[in-house]
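One structure is given here, and the rest of the page talks about it.
Each chain gets a letter, A, B and so on, in the order its sequence line appears, and its residues count up from 1. The basis for the numbers below is simple: all heavy atoms, side chains too, and nothing from hydrogens, waters or symmetry mates.
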2 protein chains.
Amino acid sequence: MHNIRKPPTMADVARRTGVSPMTVSRAFKRDASVSQETREAVLRAAEELGYVFDSTASNLRSQRTDFIAVTIPSINNANFADTVRALSDGVSERGLQILLGYTNYDVQEEERLVEQLLRRKPEAIVVTGGKHTPRTRKLLSNAGIPVIETWDIPEEPIGHVVGFSNAQAVREMVDHFICVGYRNIAFIGGDASRDTRGADRRAGFIAAMKDHGLEAPRLIAAGPPPISMREGADAMGQLLERFPDTDAVICVSDLSAFGALTECQRRGVAVPEKIAIGGFGDYEIGAICVPSLTTINAFADEIGARTAELILDVLDGKLAEAGRVTIRPDLILRQSSR
Amino acid sequence: MHNIRKPPTMADVARRTGVSPMTVSRAFKRDASVSQETREAVLRAAEELGYVFDSTASNLRSQRTDFIAVTIPSINNANFADTVRALSDGVSERGLQILLGYTNYDVQEEERLVEQLLRRKPEAIVVTGGKHTPRTRKLLSNAGIPVIETWDIPEEPIGHVVGFSNAQAVREMVDHFICVGYRNIAFIGGDASRDTRGADRRAGFIAAMKDHGLEAPRLIAAGPPPISMREGADAMGQLLERFPDTDAVICVSDLSAFGALTECQRRGVAVPEKIAIGGFGDYEIGAICVPSLTTINAFADEIGARTAELILDVLDGKLAEAGRVTIRPDLILRQSSR
DNA sequence: TTCGCTCATGTTATCGTTACCAATGCAAGT
DNA sequence: ACTTGCATTGGTAACGATAACATGAGCGAA
């Protein structure tokens with residue numbers, strides 16, 4: 001068993017190539033000044049030895065990790081996944097790697113996660129949402145790295161922001177629904193406390209109704225976030241029983257909207273003739289299902305892409321003050337509503 | 001501006017507390033032997049100074065990163081997300097953190113990704129699938145850490161395996177379909193080359209048909225993987241036009257199956273009366289949509305959970321030889337088929 | 001020729017923590 | 001009293017790369 005020996009280091013590669021360790025180090029960097037032939041010789045020797053570059057040592061000495069820390073509420077959500085993918089693609093060409101964690105829509109969990117992530121010394125940290133515990137805020141503020149809050153317009157931003165107003169987005173749907181004649185409009189969401197974006201959407205709904213002189217008694221809380229298709233279906237069942245005169249319903253996401261739609265199908269309630277349905281997030285399902293879902297496109301991928309651009313600019317020192325990128329969500333009218 | 005000073009280190013915390021740096025180090029470990037009062041004093045001083053533990057230094061000196069590297073084909077797939085979440089939950093209680101990357105269903109991309117991940121010196125690496133480039137195999141074999149292949153039963157496993165036979169799972173659906181009387185069965189999948197699990201499912205379909213003495217000419221390739229709802233709908237359109245006598249179709253995933261279902265709805269083709277549909281993966285949508293989808297539950301979350309257990313066992317030295325955890329997928333009969 | 005400049009490479013010290021070993025104090029056992 | 005053992009703490013060196021600086025060769029311009 002000759003495999004017990006320790007893995008080779010740069011010193012081993014240097015010895016084999018007949019150069020100094022420093023030259024080996026340079027050969028592994030893209031831009032470093034090494035002659036073509038030396039680099040090739042070094043890389044060949046490295047390959048022969050089975051040498052694998054050790055980031056941990058590099059990280060410590062250079063005080064760079066090339067990590068971008070990212071927190072999302074859930075790893076099982078296509079919207080956040082889109083954002084992370086675009087963000088990852090945007091920064092990877094500069095050799096930056098995403099270090100991802102999820103909070104389960106819980107600010108305490110977020111606090112633990114942020115602390116854990118900061119220990120890894122990322123170059124920047126991206127958090128989803130603008131509501132945090134005081135300690136999370138403090139940790140982020142003192143981290144000495146760019147902080148980007150996304151998917152929201154925080155009242156008191158910590159650093160940079162790439163987001164949109166959830167309340168305003170829903171308001172536009174309410175305006176449209178009222179404009180085309182719906183009056184008894186309901187809202188299906190999760191229990192308000194945890195999912196702050198969901199809570200903002202509900203608040204936007206209530207405020208918009210009020211501005212049109214309408215009450216908003218039809219609020220269905222479908223359980224702890226994240227609520228998905230099953231909860232949407234259950235909530236629609238409740239809604240149809242408790243408020244049979246409802247003529248439209250706005251759901252906190254396309255997933256719950258689709259669940260609500262299927263419940264109507266099971267009960268033989270015509271959509272949109274008997275009841276209209278609106279979703280949020282422009283998930284793929286809303287474009288494909290029959291009838292297709294009226295929804296709001298929040299441009300999840302653009303949030304990721306713009307966040308990536310912002311990070312690169314900040315790291316390049318091209319951005320002096322705090323960035324404020326505001327995304328303007330789009331109302332998409334489809335078959336599930338007039 | 002007094003923030004220019006360097007961030008505090010353990011030495012600063014030690015000085016403030018009146019102990020040695022070694023004691024500070026111990027205070028930050030769960031199990032280390034430090035007196036209760038010393039630990040509290042250290043942590044208090046750390047909090048006052050705004051000290052943040054530096055993993056990069058710890059990683060180098062202790063030769064432990066507490067990373068578990070994971071590669072998945074796509075970050076936008078609920079099945080893989082389920083696996084990653086269960087895996088993450090399973091290892092996080094031991095302080096292990098997932099370092100995630102995605103390959104876009106491309107083995108070359110996987111090779112780059114694996115190399116990048118190995119540089120971070122993870123404690124173990126989990127890859128999705130059992131087909132890799134020769135260099136990827138070599139990198140994984142020589143990494144000196146546990147390697148776990150998942151979501152597949154590789155012909156020549158590199159190390160441990162937590163998976164199932166994609167071909168066998170589809171075979172069971174074919175057997176059932178034939179048993180209840182379907183004969184003109186089609187298969188909708190992506191172009192074979194990239195998504196190896198999808199290719200295995202298609203191969204399993206063809207082999208199963210052959211075993212029943214049936215040809216399998218109804219193969220619709222819906223484009224480059226990953227294929228989703230849109231591609232499923234397009235493929236169903238093609239299928240209905242090219243093979244109008246098809247009485248059942250098996251789709252490479254529930255997403256394409258749902259897309260296919262919606263195309264039937266748009267064309268007024270009754271499911272399952274005119275054509276039956278089977279999916280794969282037991283996504284939430286298949287349980288909720290109308291009609292609900294017959295599918296195969298591959299227990300994505302269990303794959304993650306069992307992988308986590310396996311990793312902990314191996315790291316504890318409780319597992320001498322290579323682990324072979326075989327998941328047995330479940331055929332779930334729902335409304336979209338007899 | 002000589003100066004100045006660029007390019008390629010080498011030398012030295014260091015990033016911040018912790019493995020390893022040593023030392024101390026105190027309680028219990030002989 | 002003396003040993004034994006455990007709990008707690010400290011000192012020193014090292015993990016493996018690279019920042020910072022130094023060196024030498026080559027080459028064109030004055």
| Looking at A:Asp316 and A:Arg94, does any basic side-chain N land under 4.0 Å from a carboxylate oxygen? | yes
| task | Write down the distance between CD (A:Gln63) and C1' (C:dG16), rounded to a whole number of angstrom. | result | 8 Å
| remark: Closest to the side chain of A:Ser20, out of D:dA17, C:dT11, D:dG11, is C:dT11
| said: For the backbone of B:Ala300 and the side chain of B:Asp82, can you confirm whether one donor and one acceptor N or O come within less than 3.5 Å of each other? | reply: no
| said: Is the phosphate of C:dT17 approached by B:Ser58 (side-chain N or O, under 4.0 Å from OP1 or OP2)? | reply: no
| Quick one: do A:Glu109 and A:Arg194 make a salt bridge, cutoff under 4.0 Å? | no
| request: Just call it for A:Ser33: base, sugar-phosphate, or nothing, with non-hydrogen atoms closer than 4.0 Å on any strand. | output: base
| remark: The side chain to side chain donor-acceptor pair (under 3.5 Å) partners of A:Asp301 (sequence neighbours excluded) come to none
| query | Where the side chain of A:Thr307 meets the backbone of A:Ile303, is there a donor-acceptor pair that is under 3.5 Å apart? | reply | yes
| message | Considering every strand and a 4.0 Å limit on heavy-atom distances, what is the contact class for B:Lys121: base, sugar-phosphate, or nothing? | response | nothing
| query | Is A:Thr23 near enough to C:dG10 that one of its side-chain N or O atoms lies under 4.0 angstrom from OP1 or OP2? | reply | yes
| request: Report the relative orientation of the aromatic rings in B:Phe53 and B:Phe28; use parallel for angles under 30°, tilted for 30 to 60°, perpendicular for over 60°. | output: tilted
| request: Please report, rounded to the nearest Å, how far the P atom of C:dC15 is from the CZ atom of A:Arg64. | output: 18 Å
| field | Gap between atoms CE and P, on B:Met10 and D:dG11 respectively (whole Å) | value | 16 Å
| task | Would you mind reading off the distance between A:Leu60 atom CG and D:dT18 atom C1', rounded to a whole angstrom? | result | 10 Å
| Within this structure, what is the CZ-to-P distance between B:Arg61 and D:dA17, rounded to whole angstrom? | 15 Å
| How would you label the contact of A:Tyr51 with the nucleic acid (heavy atoms, under 4.0 Å): base, sugar-phosphate, or nothing? | sugar-phosphate
| field | Separation of atom CG in B:Asp12 from atom C1' in C:dT17, rounded to whole Å | value | 13 Å
| task | Look at A:Thr56 and D:dC15 and indicate whether a side-chain polar atom (N or O) is within less than 4.0 Å of OP1 or OP2. | result | no
| Rounded to the Å, how far apart are A:Arg15 CZ and C:dG10 C1'? | 16 Å
| task | For residues A:Arg15 and A:Asp12, determine if any side-chain heavy atom of one lies less than 4.5 Å from a side-chain heavy atom of the other. | result | yes
| Less than 4.0 Å between a side-chain N and a carboxylate O, is that true for A:Glu47 and B:Arg135? | yes
| Interatomic distance, A:Glu40 CD vs C:dA8 C1' [rounded to whole Å] | 16 Å
| task | Identify whether any heavy atom of B:Val19 sits under 4.0 Å from a base atom; if not, whether one sits that close to sugar-phosphate; answer base, sugar-phosphate or nothing. | result | sugar-phosphate
| Sugar-phosphate only, base, or nothing, as touched by B:Thr38 at under 4.0 Å among non-hydrogen atoms | sugar-phosphate
| query | Which nucleotide sits closest to the side chain of A:Arg26: C:dG10, C:dT18, D:dG11? | reply | C:dG10
| message | As a test of reading the structure: which of D:dT8, C:dT17, C:dA19 is closest to the side chain of B:Ser35, going by heavy atoms? | response | D:dT8
| field | Relative orientation of the end axes in the helix from C:dT1-D:dA30 to C:dT30-D:dA1, expressed as an angle to the nearest 10° (five pairs per end) | value | 40°
